[in-house]
2 protein chains.
Amino acid sequence: MSPNTTVEGMGLRERKKQRTRKALIEAAFDLFGTKGFEATTVDEISEAVEVSSRTFFRYFGSKEDVAISIQLQQFLEVYQALEARPTHEPVVTALRHAVVDVLRAYEEDEADASQFACVMDLVQHSPAVMARSLEMCTEQLDELARRVAVRMGVDPVTDPRPKLVASVASAALQVAVRAWREDEPDEKVSDLADRAFALLEAGINYPAAG
Amino acid sequence: MSPNTTVEGMGLRERKKQRTRKALIEAAFDLFGTKGFEATTVDEISEAVEVSSRTFFRYFGSKEDVAISIQLQQFLEVYQALEARPTHEPVVTALRHAVVDVLRAYEEDEADASQFACVMDLVQHSPAVMARSLEMCTEQLDELARRVAVRMGVDPVTDPRPKLVASVASAALQVAVRAWREDEPDEKVSDLADRAFALLEAGINYPAAG
DNA sequence: ACGCCATCTGTCGTTCACTGACAGATTTTC
DNA sequence: GAAAATCTGTCAGTGAACGACAGATGGCGT
């Protein structure tokens, strides 16, 4: 009754969990940023938040999982953005805009942008994070394919095309991110992704040299 | 001196190493097949070959690496097959035939086929192997992109298209393999891959439902 | 306000992947 | 055959991850 009703919709316990989770992520990124991923131990992260390392593993399945938590979040945002696209757009075009919109949103916020860059650094320089990131992406491919199938109005188990589109789109995004980190740090990722998807739209069975 | 010259081109030490390596792979697959990947310890693999576990790690960087050694070999074979394709073929078409040819070769040999199926089982059911496999594939993407660039007669660092083609082709192959394992076990992987690449050739920016 | 129950957390102990250092064995080379 | 290079085993250690148990804490009915 009365003032006990929380302003938001969740109990005290749930809020505490969210705080712990957020604190673990922040502490982890602090340490990853200064000492590097492999040099940082789970114990150090846990001590910084004053919880036991056992508790860390109740929030995250592995040390890698905390590093890619932002990437996972971005996938969910792409799903949202995809549903917001007009239904008459061809699938790759819709995916292109959805991805670019999400990336632009991150570029506009200073904090988001630097955290995003930090994650990409981890993915690029720590094999374990890279591996986990790739694994997570393929996990998400099912969901993405399902949504693409809905857009196409076809059955996602019978028709191989939605899975193919989802995988290819994910590959294009990875190429764009990698180009950004390695070759074109001055460009915006969103622009690189935009161009990569544009190439997909145009078809990629290029003729041989001549 | 005299009869010390080896029949083949390598010394005794080198042959011994090859034998140990092969024995480790075989012992590992035996154990993975019966006990599963995570239930098998490196000690068990090493004991089966009568070497120390320390030696195992001098041959393989990780327990996962021994599981995907065949996949790595297949990549090298695709490179070979790609060079054998006529130079007038468009890139995706050439990749399609190269991949399908390699897969068909594995399907024809009984032993190769079952070992291939075993590896795919490991990749599908053991997250750690899956992650390492994906990581290895992205490592190989550089080399594949380089070869695609040569075929296109363009510069692989300036032009983003070769990287895109390589990534997309790899994605298509992964989709085909996955479809084989999960939905169409009765089909041949080579046929599924063939169809996936055919879709790529035709373009994938499908219209929305209507 | 009180207590019951579900859930969360810490502690302890264990397994196992992986690595550096050193010493001994073996192959190669001269 | 001796010296140099390479391979291997042993030892010791780190750190990730998990199972089990006990204590703490928030949720909830009365």
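Residue numbering restarts at 1 for every chain, and letters A, B, ... go by the order of the sequence lines.
- Looking at residues 54-70 of chain A, you'll see A/R54, A/T55, A/R58, A/Y59 sit with a heavy atom under 4.0 Å from some atom of DNA chain C.
- Annotation: side chain to side chain donor-acceptor pair (under 3.5 Å) contacts of A/E187 (sequence neighbours excluded): A/R195.
- Contact annotation: A/K16 side-chain N/O to D/dG26 OP1/OP2 distance is under 4.0 Å.
- Between B/F116 and B/Y106, the ring-plane angle classifies as tilted under the 30° and 60° cut-offs.
- Between the side chain of A/R13 and the base of C/dT7 there is at least one donor-acceptor pair of N/O atoms closer than 3.5 Å.
- Stem regions annotated for DNA chain C: C:1-30 with D:1-30, counting only runs of 3 or more consecutive pairs of Watson-Crick or G-U type with both contacts under 3.5 Å.
- Every residue two or more places apart in sequence or in another chain that forms a side chain to side chain donor-acceptor pair (under 3.5 Å) with B/S170 is listed here: B/Q174.
- Every residue two or more places apart in sequence or in another chain that forms a side chain to side chain donor-acceptor pair (under 3.5 Å) with B/S133 is listed here: B/Q71.
- A salt bridge between A/E38 and A/K63 is absent, with no side-chain N of the basic residue lying under 4.0 Å from a carboxylate O of the acidic one.
- In this structure, B/D65 CG and B/Y59 OH are separated by 15.0 Å, a value rounded to the nearest 0.5 Å.
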Exercise for the section: Decide side-chain contact (heavy atoms from CB on, under 4.5 Å) for A/L24 and A/V51; before the verdict, give the C-alpha distance in whole Å, the side-chain angles of both, and the deciding distance to 0.1 Å. Expected result: CA-CA 9 Å; A/L24 282 171; A/V51 296; 4.2 Å; yes
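- Heavy-atom distances under 4.0 Å link DNA chain C to no residue of residues 130-138 of chain B.
- A salt bridge links B/D183 to A/K163: at least one charged side-chain nitrogen sits closer than 4.0 Å to a carboxylate oxygen.
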